[in-house]
Amino acid sequence: MPDDMSISVNGQSQVPPGFRFHPTEEELLQYYLKKKVANEKIDLDVIQEVDLNKLEPWDIQEKCKIGSTPQNDWYFFSHKDKKYPTGTRTNRATAAGFWKATGRDKVIYSNSQRIGMRKTLVFYKGRAPHGQKSDWIMHEYRLDDHINDIHSCTIVCNVVMGELTQEEGWVICRIFKKKNHFKSLETISPTASQSVPHTTISHRLCHNDEGALEQLFHYMRSSTCKEENNVINNYDTNFYDKSMQLPSLDSPNSSSGDHPKSINCDQGGLNNWIAVDRLVASHLNGQTINDYNHDYEHQYNTNIVGGGSTNHDYQEESCDLWSFSRVSTNDSLCHVSNGMI
Amino acid sequence: MGDSNVNLPPGFRFYPTDEELVVHFLHRKVALLPCHPDVIPDLDLYPYDPWDLDGKAMAEGNKWYFYSRRTQSRITENGYWKSLGVDEPIFSSSSDSNIGMKKYYAFYLGEKPEGAKTNWVMQEFSLSDSSSASASSRSSSRRKSRSKIDYSGWVICRVYERNCDNDDDDNGTELSCLDEVFLSLDDLDEISLPH
């Protein structure tokens, strides 16, 4: 019986049942990565070094096991910024595919002090640009490089950052498989402890969210010249009409007119992208990602789905958002579509 | 709490799966086998309000764990736990057999039928009949009737407040909706954005 009581990590020590490696971002940066960079010994060699070019995500999973407890994520150290010989782009290709960055880097704070950055990457099978997106996600954490911040005071920088600049090159990574919300929600994950009511609620939220998202993307796709006009009109009836605050791309009536579709679509597509980009960017700047889920729902209630939400806080915020994007896209697309009617 | 005998580097936390709670902790408790580390305290039927569990139950990541007894009514100093009527069987990952049961309770402030519902949730883990029978019979095969009364009444409770839940759980192991947006944008990027 004692055998299954404890689990050895690299033959050195033991992780008792019920405990798992579930570090905060702060711990990853402040404890593990800092120690690594400073060449200090780390208790329990839990985080391995991995050559990202040599191992596929599913191999990493094997190599970075901690004991035999079920894991949802795997951690390792890796060298930062291995460049292709010919250029400045980071080479994160493996034999079977490549890691591609997505989104924007997120700043990691500790006690409201900036301590590092997180980059999100997705694994694609195959070769760019024809890779096939997989469910493997990587978060790559690096200590704050301060290059931009301390740009103006090089002397201070050299003294203060001396330790970091010479040791730069280590990053700490976490890989995990993206969960599909429509399939089973976590079966044996450590987070499986959510209550049923909570789970159902978040499940429902996600469902709604993604429904709205899906609509949004369908919508954008259709406005980037990929679809016929009548497809857009299908959306009009159940979706477009309600999204009064969206920048108008293509008026519901416009299909009756004989406008040259191509111009309209090109413009609309481009501007719509900018609008979404702004929406996303302002969320990134304004609040943490965790908050996002919450706001997001309300936002879509007010803007797309419901239109009649009573939540004033969010409504106000989202109005600002959209007007911002409307203004910043120079109203060109409003002009286009208004001109069409 | 019992943390004193668990000396792990930063980042290790008590995040037991349901199965671990049942197999490693509840089953061993019922079978009178020692639990190493003995991190979950036994609060029996003490009528603690959920916010008073801190310092008494094993706390980790806004969740509190303790052993208790199976009971029909859990009345605390300021309220009571009411079943949400949701029972989830817990299956063994290795054998697919039903090893236990998870019941959900919500905490209500006030007197019994008219309390006000709060965000506090309790999951009560119990052994399924067959497994508790086998556990207790293993420990005391000859005193069957007595062991049933004595040992199968143990449960493990996991208590948390629903709002706080998100703080610790995800911490990056799940993509936020925003990340999903970016991911989808990547797709469209390749397909349809004009270069």
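Each chain gets a letter, A, B and so on, in the order its sequence line appears, and its residues count up from 1. What you see below is based on every heavy atom in this structure, not just the backbone, and it leaves out hydrogens, waters and symmetry mates.
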For Pro10(B) against Tyr32(A), the heavy-atom pair lying closest together: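 Looks like O-OH, 2.5 Å.
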
Test item: Lys133(A) side-chain N/O and Leu183(B) main-chain N/O as donor-acceptor pair under 3.5 Å: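 Looks like yes, one N/O pair under 3.5 Å.
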
Check: Phe12(B) ring centre within less than 6.0 Å of Phe21(A) ring centre: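 Ring centroids of Phe12(B) and Phe21(A) are less than 6.0 Å from each other.
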
To the closest 0.5 Å, what do you measure between [atom1] ([X]) and [atom2] ([Y])?
X        : Y        : atom1 : atom2 : result
His22(A) : Glu60(B) : NE2   : CD    : 9.5 Å
Tyr15(B) : Arg20(A) : OH    : CZ    : 11.0 Å
Thr24(A) : Arg13(B) : OG1   : CZ    : 5.5 Å

Asp52(B): partners by salt bridge (charged side-chain N to carboxylate O under 4.0 Å, His left out), with sequence neighbours left out: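 So Asp52(B) forms no salt bridge (charged side-chain N to carboxylate O under 4.0 Å, His left out) with any residue.
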
Side-chain heavy atoms of Leu8(B) within contact of Pro16(A), under 4.5 Å: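 Yes. Closest side-chain heavy atoms under 4.5 Å.
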
CD (Glu77(B)) with more than 12 external heavy atoms under 6.0 Å: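 No.
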
